[in-house]
Amino acid sequence: MDYAFREIEAKWQQWWKEKDIYRVEADTDRPKCYVLDMFPYPSGAGLHVGHPLGYIASDIYARYKRLNGFNVLHPMGYDAYGLPAEQYAIQTGQHPAVTTQNNINRYRSQMDKLGFCFDWSREIRTSSPDYYRWTQWVFIRMFHSYYDLNQNKACSIVSLAEHFAAKGTDSLHAVCGQPHAFSAGEWKAFPEKERQTILMEYRLAYLADTAVNWCPGLGTVLANDEVINGLSERGGYPVEQKIMRQWCLRVSAYANRLLEGLDSIDWTDSLKETQRNWIGRSEGAEVDFCIDGVNQPLTVFTTRPDTLYGVTFMVLAPESEWVNRVTSAKNRPAVDAYLDATRKRTERERIAERRVTGVFSGAYARHPLTGKAIPVWISDYVLVGYGTGAIMAVPAHDSRDYAFAQHFSLPILPLIEGCDVSTQSFDAKEGILINSPKEGEEGFVLNGLSVKEAIARTKDYIEAHGLGHIKTNYRLRDAIFSRQRYWGEPFPVYYDADGLPQTLPEECLPLELPEVDKFLPTADGDPPLGHATQWAWDTVQQKVTDTARIDRRTVFPLELNTMPGFAGSSAYFLRYQDPKNDQALVSSQTNSYWRNVDLYLGGTEHATGHLIYSRFWNKFLFDIGVACEDEPFRRLINQGMIQGRSNFVYRINGANRFVSYNLKDNYEVTPLHVDVNIVSNDILDIDAFRKWNPEYRDAEFILEEGNRYVCGWAVEKMSKSMYNVVNPDLIVERYGADTLRLYEMFLGPLEQSKPWDTNGIDGVHRFLRKLVALYEPVADTAPDPKALKAIHKLIKKVTFDIEHFSFNTSVSAFMICVNELTSLRPLTRDILRPLSIVLAPFAPHLAEDLWHRLYPEETGSICDARWPDFNEMLLQENTDTYAISFNGKVRFTLSLSANLTAAEVEAAVIAHPLTCQRLEGNVSPRKIIVILHKIVNIVL
RNA sequence: GCUCGAAUGGUGGAAUCGGUAGACACGAAGGACUUAAAAUCCUUUGGCUAUUGCAGCUGUGCGGGUUCGAGUCCCGCUUCGAGUACCA
């Protein structure tokens with residue numbers, strides 16, 4: 001019987017579509033399982049062979065869960081807003097919507113060929129108004145919320161205003177940009193504009209002047225996770241720091257919940273660790289230093305309060321507002337010159353040079369314990385965005401302070417017994433303290449304590465004496481949410497006569513993205529939306545009820561920026577649950593059924609971007625009662641990247657002659673990339689090579705043994721210029737989708753990165769052909785016990801493997817099983833039925849075909865069959881069980897299956913110095929049998 | 001620098017709880033069928049020694065340790081990969 005994969009795959013894909021086999025609805029009678037892939041950005045290059053890796057794995061899992069009686073939600077959609085389509089539009093004038101639609105069509109047709117069980121009726125696109133309406137809606141809700149630390153959740157900004165009116169800032173415990181303190185009376189006396197300014201410090205979506213990563217090459221700002229080594233992630237343009245008024249999300253308010261939530265979810269340790277580092281919780285204290293001639297104390301953050309006696313100078317970040325406050329008239333020219341010089345250096349230069357620079361401000365602070373004068377310096381090694389933008393420098397115990405002190409000849413005072421700070425600082429948090437007052441002396445005593453004790457005691461001391469307070473800091477910054485781009489979600493925001501931002505009424509959403517004729521900034525330097533003035537006025541006209549508040553003089557009354565790429569991907573997993581709902585993002589009834597994602601599959605590259613933002617977003621939705629689960633992704637698996645495997649031919653220098661890999665050392669050659677699609681198992685298809693490039697039409701070849709041209713190879717990134725991009729369509733055409741699916745799984749562990757390499761795909765294809773051959777003829781007798789055992793072994797193995805995402809070993813198990821069964825043909829239905837079912841997640845087309853061959857009268861799909869149980873008894877050997885003990889301690893029990901009789905083995909083992917005692921029952925690992933053999937062998 | 005992960009034949013990889021290391025597949029070598037090729041099937045395939053001896057020794061990056069027993073656990077290195085980077 002032939003394996004006609006082309007006909008089989010076309011036939012069943014059509015049939016699944018006609019019968020709507022993969023449509024799912026919420027069904028409270030059945031347990032749910034939500035299996036989600038990270039939806040793709042549809043790029044112009046189409047899918048290469050690496051993209052489907054995760055989709056195949058999740059598809060196997062989804063199908064497996066369905067066969068086990070779960071109601072499986074397994075949707076797919078597109079992250080359709082993004083920079084590449086807009087860059088393309090700027091270059092070619094083609095509208096990003098058109099580009100995106102074309103790319104989506106291509107993606108869809110490629111995915112359709114692979115036989116995925118997506119419920120396409122739930123498809124979503126972040127660029128569709130039905131969808132981004134809810135992105136805008138969440139933004140509005142964030143704008144009208146603040147984070148209350150007493151309740152530890154987001155609350156309505158209205159209740160905050162009420163609190164201010166009733167009690168001022170008294171008893172308020174909320175996350176805030178700039179701390180305020182005022183009474184209820186003062187609040188009531190504030191003008192409206194000032195009240196709004198204060199409220200803005202609390203809103204979860206807020207407008208602020210912030211230092212941003214400005215990318216001139218892209219003409220937009222970027223989030224921290226979109227900048228890599230000072231270059232933009234997309235395009236690789238330089239990025240500089242700039243102060244701009246931007247929309248931000250107060251992600252930092254959730255820092256602690258984002259950190260603690262990690263303990264409750266099933267992600268890999270490395271990914272959790274990456275997020276922990278990104279959140280960067282550090283416990284320490286804020287200490288106040290008084291500065292001569294300034295009323296307000298200068299507060300610094302430190303994780304080492306125990307080193308307070310070692311402070312010999314202080315440092316301000318150049319951008320700190322304290323710089324102006326403390327700089328003396330005498331030092332001002334030098335300080336200004338320094339500020340100027342730092343401003344000109346890009347972040348990239350700062351990272352690259354890493355040289356010590358700084359300037360003395362002329363001011364002195366008072367040491368809070370000793371009262372000594374401490375010089376205040378300014379240097380760019382202190383970051384304005386972390387802590388308070390100022391530090392107390394302890395050169396003896398911090399390498400950066402040390403380098404600074406060395407450079408400017410500032411004193412270095414060691415505080416740890418026996419440490420040597422003559423050439424470098426002693427940064428370790430260990431040792432016994434010295435150089436503070438001793439027990440019995442006047443002053444705060446630290447001498448003789450360990451670092452750990454000293455930290456705790458100092459924290460208590462500064463808290464008790466009003467010198468500062470205990471503080472936990474996070475590295476996690478608020479997310480900058482404005483992009484000066486066209487192809488993104490418009491903000492549902494207009495500006496009133498006072499220039500204050502107001503949100504559009506929720507019922508007016510979506511605010512649709514207008515058409516523009518140019519995708520570049522306006523002549524005034526405004527973002528591209530600035531071209532759509534008509535749209536802006538129409539929108540205000542139609543959607544703003546209180547039109548009196550609009551300032552008629554403004555040129556453009558709406559927010560000009562659009563939202564960043566992560567906006568649309570931050571809640572899409574909720575929308576899939578209820579994609580057509582026009583009343584809510586997701587109805588609470590539907591959400592209480594599907595809840596959160598049981599299995600989320602995607603790449604690690606989203607560890608500090610999407611996976612932080614969407615957890616934040618979901619926690620906010622949880623707080624406001626939209627989502628019923630605090631964490632969106634219960635379990636997460638990162639599939640590895642598929643790298644490219646390039647092939648090389650070796651051209652003899654100065655000739656159109658190519659020499660085979662193993663002979664190339666005899667010639668002067670230049671290696672040239674050759675299209676991997678005309679190379680098979682590293683053997684070059686010479687005819688195809690001649691056609692590939694007209695230059696090689698008359699090329700000559702020096703072949704090696706067997707008249708073959710062998711190519712060299714190397715692992716490189718998969719890219720067009722390396723000629724190593726493999727399109728899944730080609731593989732499907734040559735071998736079929738089922739072979740591709742199995743082969744991608746067979747390639748190695750799912751989570752590991754590996755090069756794409758078609759060597760070996762023949763073996764997988766061969767296996768499927770052998771498998772097909774098992775189905776004809778079908779025997780009508782009782783099943784062979786050996787065959788039964790083989791199939792139950794397979795069921796057990798595959799069940800275990802799918803639960804543990806070890807798909808590569810499953811494929812091996814299939815091969816072993818088929819090899820065993822081949823010699824036992826013809827097989828009965830009792831064997832072929834479970835074989836078809838366990839095959840179904842891996843090779844759905846073939847399994848469906850074989851299923852209908854076995855049961856021609858069957859009208860249902862194999863997708864709704866029942867996953868077979870395995871019979872443990874069938875797998876047992878005819879055994880006796882022993883416990884082996886040494887020195888009276890039982891080390892292991894074992895089943896024994898041997899050519900020897902049990903009595904012979906027992907006698908032998910008992911004769912050995914190790915003792916053996918007979919047990920009842922027969923539970924034990926099978927492998928240990930062999931060890932007993934070994935013992936027996938030793939004894940005999 | 002810090003954090004995390006990895007290292008097993010010619011290749012991809014297996015060994016799931018500390019129990020026969022190298023499953024399965026590719027590649028290679030030899031053979032059968034065939035006029036021939038393709039396809040298919042069979043045998044061999046970590047290394048070394050022995051192969052008219054059935055076997056022996058050695059072996060999971062390196063050096064130690066724990067254990068009756070270590071690819072697996074512990075300590076110390078080497079190399080590679082990923083993330084992060086003046087985070088006080």
Side-chain angles (χ1 to χ4, degrees), chain A residues 225 228-229 268-278 280-282 284 300-304 307 314-315 317 347 350-351 354 356 379-383 385-394 397-401 403-404 427 473-477 604-605 607-608 638 640-641 645 681-683 705-706 713 743 746-749 751-755 757-764 766-767 769-770 773 797 800-801 803-804 806 808-819 822 884-887 889 891-892 894 912-914 925-935 937-938:
Chain A
D225 67 281
I228 294 159
N229 278 335
T268 59
D269 289 339
S270 73
L271 187 60
K272 285 186 185 180
E273 199 56 33
T274 305
Q275 289 216 339
R276 283 193 191 106
N277 290 341
W278 190 259
R281 180 189 166 102
S282 52
V300 299
F301 175 74
T302 179
T303 53
R304 293 292 302 274
T307 61
M314 298 183 77
V315 187
E347 191 183 7
R350 272 159 78 154
I351 292 167
R354 217 175 247 253
V356 178
S379 172
D380 66 2
Y381 83 88
V382 175
L383 305 176
Y386 184 76
T388 61
I391 61 153
M392 57 177 226
V394 186
H397 303 294
D398 182 286
S399 55
R400 297 153 302 180
D401 298 345
F404 194 83
D427 291 13
N473 254 338
Y474 295 93
R475 208 186 70 116
L476 184 71
R477 314 261 180 97
T604 5
E605 65 272 20
T608 53
N638 289 119
M641 292 241 281
R645 186 180 188 278
N681 287 0
D682 292 336
I683 310 294
E705 250 180 280
W713 61 274
Y743 185 61
F746 184 65
L747 217 45
E751 305 195 56
Q752 186 177 306
S753 285
K754 56 235 163 199
D757 174 3
T758 35
N759 296 355
I761 196 166
D762 293 303
V764 173
R766 203 171 295 151
F767 148 73
R769 285 214 305 265
K770 284 189 214 167
K797 172 80 177 144
F800 181 92
D801 282 351
E803 302 276 5
H804 293 83
S806 175
N808 54 329
T809 53
S810 291
V811 179
S812 293
F814 274 112
M815 290 177 175
I816 295 167
C817 182
V818 165
N819 283 342
T822 297
I884 300 293
S885 61
F886 303 107
N887 306 325
K889 218 160 112 192
R891 296 302 176 106
F892 53 84
L894 56 88
H912 197 263
L914 313 172
R926 196 173 157 271
K927 281 177 193 166
I928 299 173
I929 299 162
V930 186
I931 304 305
L932 196 64
H933 277 294
K934 209 161 191 178
I935 296 170
N937 285 339
I938 293 162

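Residue numbering restarts at 1 for every chain, and letters A, B, ... go by the order of the sequence lines.
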**Prompt:** With a 4.0 Å cut-off on heavy atoms, is Ser282(A) in touch with a base, just the backbone sugar-phosphate, or nothing at all?
**Reply:** sugar-phosphate
**Message:** What is the distance, to the nearest angstrom, from the CG atom on Asn759(A) to the P atom on rC24(B)?
**Reply:** 20 Å
**Euclidean distance for P, rA50(B) against rA32(B) (whole angstrom)** = 29 Å
**Asked** Does Val394(A) offer a backbone N or O that forms a donor-acceptor pair with the side chain of Asp401(A) under 3.5 Å?
**Response** yes
**Asked** For rC41(B), which nucleotide in any strand shown is its Watson-Crick or wobble partner with both distances under 3.5 Å?
**Response** rG31(B)
**Asked** Hey, are Asn638(A) and Thr604(A) close enough side-chain-wise for a donor-acceptor pair under 3.5 Å?
**Response** no
**Request:** Please measure how far the P atom in rG56(B) lies from the corresponding atom in rG19(B), and state the result in whole Å.
**Result:** 24 Å
**Item:** Under 3.5 Å donor-acceptor, Arg475(A) side chain and Asn277(A) backbone
**Value:** yes
**Message:** Counting only side-chain heavy atoms from C-beta out, which of rU40(B), rG13(B), rA15(B) sits nearest to Pro749(A)?
**Reply:** rG13(B)
**Prompt:** If we call it a pair only when both distances are under 3.5 Å in a Watson-Crick or G-U wobble match, what pairs with rG76(B)?
**Reply:** rC62(B)
**Prompt:** Touch check for Lys272(A), heavy atoms < 4.0 angstrom, all strands: base, sugar-phosphate only, or nothing?
**Reply:** nothing
**Request:** Evaluate side-chain contact (heavy atoms from CB on, under 4.5 Å) for Ile816(A) paired with Lys797(A), printing each intermediate quantity in order.
**Result:** CA-CA 11 Å; Ile816(A) 295 167; Lys797(A) 172 80 177 144; over 6 Å; no
**Message:** rG81(B), OP1 or OP2 - any side-chain N/O from Ser753(A) closer than 4.0 Å?
**Reply:** no
**Message:** Does rA88(B) have OP1 or OP2 under 4.0 Å away from a side-chain N or O of Tyr381(A)?
**Reply:** no
**Prompt:** Mind telling me whether rG9(B) is syn or anti, cutoff 90° either side of 0?
**Reply:** syn
**Message:** Taking pairing as Watson-Crick or G-U wobble with both contacts under 3.5 Å, can you name the mate of rG1(B), or confirm there isn't one?
**Reply:** rU84(B)
**Request:** Considering just the side-chain nitrogens and oxygens of Asn819(A), establish if one lies under 4.0 Å of OP1 or OP2 belonging to rA25(B).
**Result:** yes
**Request:** Report the relative orientation of the aromatic rings in Tyr381(A) and Phe404(A); use parallel for angles under 30°, tilted for 30 to 60°, perpendicular for over 60°.
**Result:** tilted
**Message:** Only pairs with both distances under 3.5 Å count, Watson-Crick or wobble alike; so what is the partner of rA55(B) in this structure?
**Reply:** rU49(B)
**Prompt:** Using the P atom in both, what is the distance from rA14(B) to rU8(B), to the nearest Å?
**Reply:** 11 Å
So which protein N/O to nucleotides 1-12 of chain B N/O distances come out below 3.5 Å?
{"residue": "rG12(B)", "atom": "O2'", "partner": "Leu747(A)", "partner atom": "O", "Å": "2.8"}

**Message:** From CG of Asp380(A) over to C1' of rC86(B), roughly how many Å is that when rounded to an integer?
**Reply:** 9 Å
**Request:** Rounded off to whole Å, could you give me the CG-to-P distance for the Asp427(A) and rC86(B) pair?
**Result:** 16 Å
**Message:** Between P on rA14(B) and CG on Asp801(A), what's the gap in Å once rounded to a whole number?
**Reply:** 11 Å
**Request:** For rC62(B), decide between syn and anti, treating a glycosidic angle within 90° of 0 as syn.
**Result:** anti
**Asked** When you compare rG46(B) with rC24(B), how far apart are their P atoms, in angstrom units rounded to a whole number?
**Response** 12 Å
**Message:** Using heavy-atom distances to pick each residue's nearest nucleotide on RNA chain B, tell me which of Trp278(A) and Met392(A) is more 5'.
**Reply:** Trp278(A)
**Prompt:** Given the P atoms of rU49(B) and rC54(B), what is the spacing between them in whole Å?
**Reply:** 16 Å
**Item:** Separation of the P atoms in rA25(B) and rU45(B), to the nearest angstrom
**Value:** 15 Å
**Asked** Say you pick atom C1' in rC17(B) and the same atom in rU67(B); how far apart are they, in whole Å?
**Response** 16 Å
**Prompt:** Expressed as a whole number of Å, how far does the C1' atom of rC26(B) sit from that of rG76(B)?
**Reply:** 38 Å
**Asked** In the structure shown, which nucleotide is the Watson-Crick or G-U wobble counterpart of rG12(B), with both distances under 3.5 Å?
**Response** rC24(B)
**Item:** Nearest-neighbour nucleotide for the Ile816(A) side chain, rU40(B), rA14(B), rA23(B) considered
**Value:** rA23(B)
**Request:** Report the C-alpha distance between Asp398(A) and Ile391(A) in whole Å, list the side-chain angles of each, state the deciding distance to 0.1 Å, and finish with yes or no for side-chain contact (heavy atoms from CB on, under 4.5 Å).
**Result:** CA-CA 11 Å; Asp398(A) 182 286; Ile391(A) 61 153; over 6 Å; no
**Message:** I need the single residue from Thr268(A), Thr608(A), Asp269(A) that forms a side chain to side chain contact (heavy atoms under 4.5 Å, CB included) with Thr274(A). Which is it?
**Reply:** Thr608(A)
**Request:** Send over the distance from Arg769(A) CZ to rA25(B) C1', rounded to a whole Å.
**Result:** 15 Å
**Request:** Mind calculating the distance between CE (Met815(A)) and P (rA23(B)) to the nearest angstrom?
**Result:** 14 Å
**Message:** Other residues, nucleotides and ligands only: do more than 12 of their heavy atoms fall within 6.0 Å of CG on Asn819(A)?
**Reply:** yes
**Request:** Could you pull out the closest heavy-atom pair between Phe301(A) and Ser282(A), with the gap in Å?
**Result:** CZ-O, 3.6 Å
**Message:** Side chain of Asn808(A) only, heavy atoms from C-beta on: which candidate in rA14(B), rA88(B), rU84(B) is closest?
**Reply:** rA14(B)
**Asked** Rounded to whole angstroms, how far apart are CD on Glu751(A) and P on rG13(B)?
**Response** 14 Å
**Message:** Tell me if a side-chain donor or acceptor on Lys770(A) pairs with a main-chain N or O of Met815(A) at a distance below 3.5 Å.
**Reply:** no
**Request:** Report the distance from atom CZ of Arg276(A) to atom P of rA82(B), rounded to the nearest whole Å.
**Result:** 23 Å
